[in-house]
Amino acid sequence: MAAERKAVSSKLKLVISYTDENDTLCEKSVQMRNLVNGAEPANVVTAVNAIGTLYEDPITGIHEIVENEITA
């Protein structure tokens, strides 16, 4: 029997960069959960760019985290 991998959940971690009161560059992250598995990368970037307009500080990183189930 062959083993199989199936994506069961997906989330994005958006990294936001900002300068604190001491002029130190810092980062914070925001997570978005329960997203569609297998979304096209271009669509993800388009959505994140739109969300980025709601933040004062720029989104400097996009990380997709996918949880897989492996069965045999």
Side-chain angles (χ1 to χ4, degrees):
M1 180 176 201
E4 295 183 9
R5 174 183 288 131
K6 178 182 174 187
V8 293
S9 70
S10 180
K11 64 183 173 181
L12 289 178
K13 181 172 100 173
L14 309 179
V15 179
I16 300 170
S17 296
Y18 64 97
T19 304
D20 69 8
E21 62 277 352
N22 298 319
D23 284 334
T24 303
L25 185 61
C26 301
E27 292 181 338
K28 61 184 173 182
S29 64
V30 175
Q31 290 191 10
M32 301 175 67
R33 298 170 192 237
N34 301 321
L35 301 176
V36 172
N37 291 322
E40 290 295 322
N43 292 339
V44 173
V45 170
T46 298
V48 169
N49 286 338
I51 291 167
T53 64
L54 302 175
Y55 287 98
E56 291 181 6
D57 301 308
I59 295 175
T60 56
I62 305 169
H63 302 270
E64 181 180 33
I65 302 160
V66 178
E67 181 180 344
N68 292 299
E69 178 181 41
I70 298 175
T71 57

Is there side-chain contact between Val15 and His63, with heavy atoms separated by less than 4.5 Å? yes
Check side chain to side chain contact (heavy atoms under 4.5 Å, CB included) between Val44 and all other residues, then give those that pass, not counting sequence neighbours. Leu12, Ala39, Val48, Ile62
Here the gap from Glu21 atom CD to Thr19 atom OG1, rounded to the nearest 0.5 Å, amounts to 10.5 Å
Could you grab the distance from atom CD1 of Ile65 to atom NZ of Lys11, nearest 0.5 Å is fine? 5.0 Å
Residue list, side chain to side chain contact (heavy atoms under 4.5 Å, CB included) with Glu40, at least two apart or on another chain: Asn43
Applying side-chain hydrogen bond (donor to acceptor under 3.5 Å, both in side chains) to Arg5 and not counting sequence neighbours gives none
With sequence neighbours excluded, what pairs up with Ala7 under the side chain to side chain contact (heavy atoms under 4.5 Å, CB included) test? Asn37, Val66, Asn68
Does Asn22 reach the main-chain N or O of Thr24 with its side chain, forming a donor-acceptor pair under 3.5 Å? no
Got more than 12 heavy atoms from elsewhere within 6.0 Å of OH, Tyr55? no
Set of side-chain hydrogen bond (donor to acceptor under 3.5 Å, both in side chains) partners for Ser9, sequence neighbours left out: Glu67
Apply side chain to side chain contact (heavy atoms under 4.5 Å, CB included) to Asn34 and list each qualifying residue two or more places apart in sequence or on a separate chain. none
Would you please name every residue forming a side-chain hydrogen bond (donor to acceptor under 3.5 Å, both in side chains) with Thr60, sequence neighbours left out? Ser17
Rounded to the nearest 0.5 Å, how far does CG of Leu14 lie from CD1 of Ile59? 5.0 Å
Residues sharing Val8's hydrophobic cluster, by side-chain heavy-atom contacts under 4.5 Å among ILVMFWY, directly or via others? none
